[in-house]
Colleague: 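Below are the structure tokens for one structure; questions will follow.
Index from 1, following the sequence. One-based numbering, in listed order, for ligands and for the atoms of each.
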Amino acid sequence: MCGIVGYAGGRQASEVILKGLQRLEYRGYDSAGMALLNDDLELIKVRGKVRDLADLAEKHDPHGTVGIGHTRWATHGEPNDVNAHPHTGTHRQFALVHNGIIENYNVIRQDLEKKGHTFTGETDTEVLAHLIEEIHEMSDIDFYQAVQQALLQVEGTYGIAIVHKYHPDRIIVARKGSPLLIGVGDGEYFVASDASPVIEYTHKVVYLEDEEIAVITRDGYEVSTLKNVRLTKEVHELAMNLEQIEKGGFPHFMLKEIFEQGDTIGDCMRGRLIVDENRIQLGGLDGYVDRLCDARRVIIAACGTSWHSGLVGEYLFEYLARIPVEVEYASEFRYREQLIDEQDVMIVISQSGETADTLAALREAKRRGALVLGICNVVGSTIARETDAGVYTHAGPEIGVASTKAFTAQVTVLTMMAMLAGRHRKVLSDELMRELVRELRDVPARVRAILEDTSGIEKVARMFTYAPNFLYLGRSYNFPVALEGALKLKEISYIHAEGYPAAEMKHGPIALIDEHMPVVVIAATDHTNEKVVSNIEEVKARKGRIIAISSNGQSDVARLAEFNLSIPEIHDCLSPLLAVIPLQLLSYHIAVNRKCHVDQPRNLAKSVTVE
Ligand code: G6P
């Protein structure tokens with residue numbers, strides 16, 4: 001949540017910052033601001049999007065080659081001009097931007113108020129700014145040391161960047177729990193929450209770790225721990241390119257990302273699905289496969305869409321590898337009585353690799369001795385670095401807040417992991433392995449086939465654009481797909497939707513069905529097909545409007561449904577990879593018809609780095 005960009009170099013900092021904030025806007029977009037160092041400390045901030053900040057900046061015509069910027073997702077204090085970052089102390093000598101939550105801010109604020117500080121807004125960040133000011137003014141330590149001291153006093157999480165008007169050449173940055181990296185250019189240096197603002201200028205980055213602090217100038221950077229131990233950091237080379245983070249002719253990132261799935265699923269399997277040799281090779285798990293296969297049970301922890309892919313993983317691991325699996329919301333797991341130890345394996349799944357709850361679950365499982373494997377998309381992210389081992393999804397940057405290509409890539413990785421474990425445990429036959437390897441190889445082509453003609457989906461979207469509710473039903477591997485379809489609709493079109501296991505419908509949701517209720521039934525799994533057909537009959541008897549996702553061969557489903565969206569036939573256990581595509585598109589087109597902000601839905605953020 002919240003995006004930070006900072007720049008020190010020879011360019012106009014405001015240009016780099018505004019462009020960078022636009023790229024980070026997926027992390028939050030309720031207010032934005034920047035601080036620039038010139039003869040003075042220039043502050044511009046506004047409620048609204050980065051576009052609004054750019055408009056305001058045009059009027060101010062800000063100058064300066066050193067500065068910081070922020071795009072906010074509100075935690076403490078409503079989104080307004082005052083609560084927007086950057087924040088300053090009473091004497092406005094420095095400006096601070098912050099991502100994360102200072103948990104003990106209230107106690108600190110009360111203490112500072114007694115000492116005469118007055119606050120203009122409600123944010124925890126403003127309290128941190130005043131704390132730094134208080135420490136600096138009341139002692140004889142320099143400003144950098146005051147920042148260090150303040151950070152040692154606060155509880156919670158932070159990624160911060162600070163500029164000070166009497167040190168016009170430098171930015172102080174620090175991190176605990178919220179990601180920050182330094183972009184290493186030639187005569188220019190950057191700081192950012194992720195690599196997207198930096199990639200246009202340099203491919204070299206240094207990742208800050210928790211409780212590290214750095215000073216950045218146009219001539220270089222120095223990193224230390226908060227307790228003053230100087231560090232030599234490894235410089236990483238970024239593999240992404242600028243094209244990947246632009247829309248490439250699509251009206252929205254979400255649509256671009258849906259259409260990329262033919263390629264991204266292929267990229268995810270490249271070098272891992274060895275068709276000729278009928279085997280899977282996952283280099284990231286080398287040395288850990290035995291422990292995975294000997295696990296008493298696998299616990300999958302994740303949030304949001306990643307949790308849904310985890311649910312598909314549960315079915316896959318149990319069917320292909322015969323390993324018991326439990327899937328946990330990371331936010332629940334972290335505060336439960338955790339019965340996990342060294343006999344268990346945890347798999348954490350996260351597109352961003354920064355989700356606070358998933359990270360906390362990972363740390364807790366590690367602390368209790370479990371092996372923790374990761375499935376992440378963002379290379380070098382905190383979760384990817386903290387897991388014992390793992391497999392990247394290689395889906396490329398996902399910018400649309402509603403996750404699409406990350407889901408199919410996660411399910412692809414889980415499928416490959418389950419197949420690998422199944423072979424290793426000798427419970428997956430040669431024959432089935434051969435069939436699945438061939439089928440997996442063909443998934444990208446089948447995804448492209450679905451995407452070739454989306455007119456049927458657009459028609460359904462037009463029919464139901466103003467429906468107030470939707471029900472999504474699926475069984476077995478496609479129950480999680482029903483949940484994912486409902487989530488997509490809620491996220492971007494603000495229509496209430498529920499996902500349910502089809503057979504559970506009769507225990508409650510059936511009461512909701514009347515001639516106005518659209519019911520999306522995913523009927524693409526053969527072994528439960530007859531049962532799903534009965535469920536469809538039950539909906540039809542109550543005049544529900546049935547939209548079916550069925551595979552080409554299922555004529556009985558096509559006959560019963562009012563709208564039938566067919567997908568190519570595929571082995572049951574791979575069907576989520578195809579069945580989810582029409583659902584992503586359905587929610588996309590409904591949201592566009594309703595004129596919703598598809599890539600930046602209200603109240604959401606792509607990367608949730610707070611609890
Ligand atoms: C947010 C995003 C979702 C995502 C979830 C988990 O809620 O809006 O799209 O599924 O976080 O994120 P992660 O990066 O851990 O997969």
Colleague: Just checking, R594 and Y494: is the charged tip under 6.0 Å from the six-membered ring centre and within 45° of the axis?
Modeller: no

Colleague: Are there any N/O pairs under 3.5 Å between ligand 1 and the protein, and if so, what are their distances?
Modeller:
{"unit_1": "ligand 1", "atom_1": "8 (O)", "unit_2": "A605", "atom_2": "O", "d": "3.0"}
{"unit_1": "ligand 1", "atom_1": "9 (O)", "unit_2": "V401", "atom_2": "O", "d": "3.2"}
{"unit_1": "ligand 1", "atom_1": "10 (O)", "unit_2": "T305", "atom_2": "N", "d": "3.0"}
{"unit_1": "ligand 1", "atom_1": "12 (O)", "unit_2": "T355", "atom_2": "OG1", "d": "3.3"}
{"unit_1": "ligand 1", "atom_1": "14 (O)", "unit_2": "S350", "atom_2": "OG", "d": "3.3"}
{"unit_1": "ligand 1", "atom_1": "14 (O)", "unit_2": "Q351", "atom_2": "N", "d": "3.4"}
{"unit_1": "ligand 1", "atom_1": "14 (O)", "unit_2": "S352", "atom_2": "N", "d": "2.7"}
{"unit_1": "ligand 1", "atom_1": "14 (O)", "unit_2": "S352", "atom_2": "OG", "d": "2.6"}
{"unit_1": "ligand 1", "atom_1": "14 (O)", "unit_2": "T355", "atom_2": "OG1", "d": "3.4"}
{"unit_1": "ligand 1", "atom_1": "15 (O)", "unit_2": "S350", "atom_2": "OG", "d": "2.6"}
{"unit_1": "ligand 1", "atom_1": "15 (O)", "unit_2": "T355", "atom_2": "OG1", "d": "2.4"}
{"unit_1": "ligand 1", "atom_1": "16 (O)", "unit_2": "S306", "atom_2": "OG", "d": "2.5"}
{"unit_1": "ligand 1", "atom_1": "16 (O)", "unit_2": "Q351", "atom_2": "N", "d": "2.7"}

Colleague: With D344 as reference, evaluate R368, K366, R297 under the salt bridge (charged side-chain N to carboxylate O under 4.0 Å, His left out) test and give the passing residue.
Modeller: R297

Colleague: Among residues at least two apart in sequence or on other chains, which ones pass side chain to side chain contact (heavy atoms under 4.5 Å, CB included) with A54?
Modeller: L18, R51

Colleague: Give every residue pair that meets the ring pair (Phe, Tyr, Trp, His ring centres under 6.0 Å) criterion with at least one member in residues 577-611, sequence neighbours excluded.
Modeller: H252-Y588

Colleague: Decide yes or no on side chain to side chain donor-acceptor pair (under 3.5 Å) for E25 and T71, but give the supporting numbers first.
Modeller: CA-CA 6 Å; E25 218 172 9; T71 175; 4.9 Å; no

Colleague: Holding to salt bridge (charged side-chain N to carboxylate O under 4.0 Å, His left out), I want the full list of residues that pass it with R336, two or more places apart in sequence or in another chain.
Modeller: E328

